[in-house]
Amino acid sequence: MEQSGDKIADLAKRKTRIMDTGGSQQAMKQHEKGKLTARERIDLFFDEGSFNEIDLFVEHRSCDFGLDNKVIPGDGVITGYGLVGGRPVFAYFQDFTVQGGSLGEMHARKICKIMDKASQAGLPVIGFNDSGGARIQEGIDALSGFGDIFFRNARLSGVIPQISAIMGPCAGGAVYSPAMTDWVFMVKQTSHMYITGPAVIRTVTGEETSHEELGGALVHNTKSGNAHFACEDEKDALNGVKTLLSFLPNNNMEEPPCITSTDNPLRLCPELETVIPDDPKTGYNMKDVIHSIVDHGVFFEPHQYYAENIITALARLNGRPVGIIASQPQYLAGCLDINASDKASRFIRTCDSFNIPLVTLVDVPGYLPGADQEWGGIIRHGAKLLWSYSEATVPKLTVIIRKSYGGAYIAMCSKHLGADMVYTWPTAEIAVIGAEGAVDIIHRSEMRESKKPEALRRQKIEEYQTLLCNPYVAAKRGYVDAVINPGETRIKLIAALELMKGKSDTLPPKKHGNIPL
């Protein structure tokens, strides 16, 4: 019994030594930077007392170059599983207080084990990145570790949710794992992502830049689109991950979590009767429409600051999670462009992967014209949107609110791309182009020869609007299922979701499609 007691005491000492991680001095440095330690993040993220650590005693090989006899507790990463809102998830937390959180062979093996376990269990995996990058002393073993992680990121994509939270530096090869996951959170001022840092850029190109200017949270949320969320601080990021998880199923074989809603499914939205301005060229905020329609007006918006001419959001209708894709007339008149196409396409495919129905709100005048867009590949990027909607097998509901012109009409989840239900408001205009542009092309010769060209032009515009720029022509062809009162939009969408909840749609047998990347 005494020997057993000694072993238990030894175990306690070993745990205490390892769990102290980098020590109080390193923890203080984290706090001075406005950052939490890895174990503080664990305490805030998981339900109290639910975290179970795996591979606590793993350390690097003592023969590594320059690291002889050096103790690296846990090899700089904490891995395990626990409950978040009562649901089990796997996670790893890179520990910057231990060897700068650098990734070595055993560090990578711990992460890979967690990813494998998550795959086997069919549970989400979340990575909290806070690392100086590859451990130089371990050479090729560190590089192989990155490759092993990337391989799993690709294999698990669309199978279990993968979420990355950048809580500090993430540089070099390390950035590719977050880029391959489904969602990326960043923290303003304290998290950074880039392939090459400011010092290297200065040496190679002479360009002066800072960590924040080069790869800060706002840069990747507004310019590059590499991140989906820009959080105010680490607690905000941790809570954001929890909120995101509440919309997602554990894996691709499960339905997303439905809750009992206290928002009346038969609630009318009279405020939508007046949301459209009288002047068809005046913008309005599509978020007002979303607030009116969804449960309690609450939605969660990834890519809030990127490609703002289109909105992507997660919300609930009668307690059921839905993915919303919506034109935003306040920005670029709601035109589709390269970035908007990429943003929406990625969101659609992510929702489809995890069985989240799609609701599309349309007010789109077309694709953004211009040489820069053409040279930048708007054809290829725009095709991604067509592809993603066509490929999606989840229930797809569309509401055309004001206008839907040309190729953008097709691209925004029209009946032709497999929409299950298409509704329009009476204000909807569905046409190849707007009335003014159409008249200027069709009646160019008449107006040139007319003694009163402006009067003739106004007459022809009115005729075109009456005959073609309305939802009833499309409704006659069956391309629109119903023209609805705007105030009934929520009711109609909830009814359609209930109708389509058992939808069965499969793709032809194939290895994978060849999306125009």
Exercise for review: Would you sort out whether Glu53 and Ile78 count as a side-chain contact (heavy atoms from CB on, under 4.5 Å), showing the intermediate values?
Suggested key: CA-CA 7 Å; Glu53 188 166 353; Ile78 302 167; 3.6 Å; yes

Do other residues, nucleotides or ligands put more than 12 heavy atoms under 6.0 Å from [X] [atom1]?
X: Phe51; atom1: CZ; answer: yes
X: Ile379; atom1: CD1; answer: no
X: Lys113; atom1: NZ; answer: no
X: Lys235; atom1: NZ; answer: no

Out of curiosity, [X] [atom1] to [Y] [atom2], how far, rounded to the nearest 0.5 Å?
X: Leu385; Y: Met412; atom1: CG; atom2: CE; value: 7.0 Å
X: Arg320; Y: Cys258; atom1: CZ; atom2: SG; value: 5.0 Å
X: Leu336; Y: Asn339; atom1: CG; atom2: CG; value: 11.5 Å
X: His512; Y: Glu391; atom1: NE2; atom2: CD; value: 11.0 Å
X: Ser164; Y: Met186; atom1: OG; atom2: CE; value: 11.0 Å
X: Leu317; Y: Leu497; atom1: CG; atom2: CG; value: 5.5 Å

Practice item. May I ask you to decide whether Arg202 forms a salt bridge with Glu207, counting only side-chain N to carboxylate O separations under 4.0 Å? Key: no

**Study point:** Lys287/Glu301 ion pair, N-O < 4.0 Å
**Key:** yes

Give a yes or no on whether the backbone of [Y] and the side-chain of [X] come within a donor-acceptor separation of less than 3.5 Å.
X: Thr203; Y: Ala199; answer: yes
X: Gln162; Y: Pro124; answer: no
X: Asp233; Y: Asp236; answer: yes
X: His211; Y: Gly216; answer: no
X: Ser50; Y: Phe46; answer: no
X: Arg152; Y: Asp148; answer: yes
X: Thr243; Y: Asn239; answer: yes
X: Lys110; Y: Thr79; answer: no
X: His291; Y: Gly297; answer: yes
X: Asn251; Y: Gly122; answer: yes

Practice item. Start with the C-alpha gap between Lys35 and Glu234, add the side-chain angles, then the distance that decides, and say whether salt bridge (Lys or Arg N to Asp or Glu O under 4.0 Å) holds. Key: CA-CA 7 Å; Lys35 297 166 59 179; Glu234 292 200 10; 6.0 Å; no

Point to revise | Result of checking Phe45, Tyr92, Phe90 against Phe128 for ring-ring contact (aromatic ring centres under 6.0 Å, His included) | key: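 Among the candidates, only Phe45 passes.
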
Check your understanding: Yes or no on side-chain hydrogen bond (donor to acceptor under 3.5 Å, both in side chains) for Thr97 and Thr37, after CA distance, side-chain angles and deciding distance?
Key -> CA-CA 7 Å; Thr97 69; Thr37 67; over 6 Å; no

Shortest non-hydrogen contact from [X] toward [Y]:
X: Asn355; Y: Glu255; answer: O-OE1, 4.0 Å
X: Lys396; Y: Ser390; answer: NZ-O, 4.2 Å
X: Asp75; Y: His107; answer: OD2-N, 2.7 Å
X: Leu103; Y: Ser131; answer: N-OG, 4.1 Å
X: Asp295; Y: Gly319; answer: OD2-N, 2.7 Å
X: Ala237; Y: Cys231; answer: CA-SG, 3.5 Å

Review point. Could you go step by step and tell me if Leu245 and Ile163 meet the side-chain contact (heavy atoms from CB on, under 4.5 Å) rule?
Key: CA-CA 9 Å; Leu245 283 169; Ile163 302 171; 3.8 Å; yes

Point to revise | Lys117 to Tyr81 six-membered ring, cation-pi geometry met (6.0 Å, 45°) | key: no

Review point. Is the charged tip of Arg316 near the ring of Phe247: under 6.0 Å from the six-membered ring centre and within 45° of its axis?
Key: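 Checked: cation-pi criterion met.
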
Exercise for review: Compute the centroid of each ring, for His303 and then for Phe229, and state whether the two points are separated by less than 6.0 Å.
Suggested key: no

Review point. Step by step, would you call Asn309 with Gln330 a side-chain hydrogen bond (donor to acceptor under 3.5 Å, both in side chains)?
Key: CA-CA 7 Å; Asn309 41 320; Gln330 281 194 333; over 6 Å; no

Exercise for review: Step by step, work out the side-chain contact (heavy atoms from CB on, under 4.5 Å) result for Val175 and Tyr194.
Suggested key: CA-CA 7 Å; Val175 300; Tyr194 36 65; 5.8 Å; no

Review point. Can you tell if the side chain of Leu44 reaches within under 4.5 Å of the side chain of Leu36, non-hydrogen atoms only?
Key: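 Side chain of Leu44 against side chain of Leu36, heavy atoms only: contact under 4.5 Å found.
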
Do [X] and [Y] have side-chain atoms, one donor and one acceptor, less than 3.5 Å apart?
X: Gln304; Y: Asn221; result: no
X: Thr360; Y: Tyr389; result: yes
X: Asn153; Y: Ser177; result: yes

Exercise for review: Might you work through the side-chain hydrogen bond (donor to acceptor under 3.5 Å, both in side chains) test for Tyr306 and His228, ending with a clear yes or no?
Suggested key: CA-CA 8 Å; Tyr306 181 69; His228 299 84; over 6 Å; no

Check your understanding: Where do Lys343 and Glu308 land on the salt bridge (Lys or Arg N to Asp or Glu O under 4.0 Å) test, with the steps shown first?
Key -> CA-CA 10 Å; Lys343 170 181 171 177; Glu308 293 180 80; over 6 Å; no

**Study point:** Stepwise side-chain contact (heavy atoms from CB on, under 4.5 Å) test for Ile324 and Leu314
**Key:** CA-CA 6 Å; Ile324 296 174; Leu314 292 165; over 6 Å; no

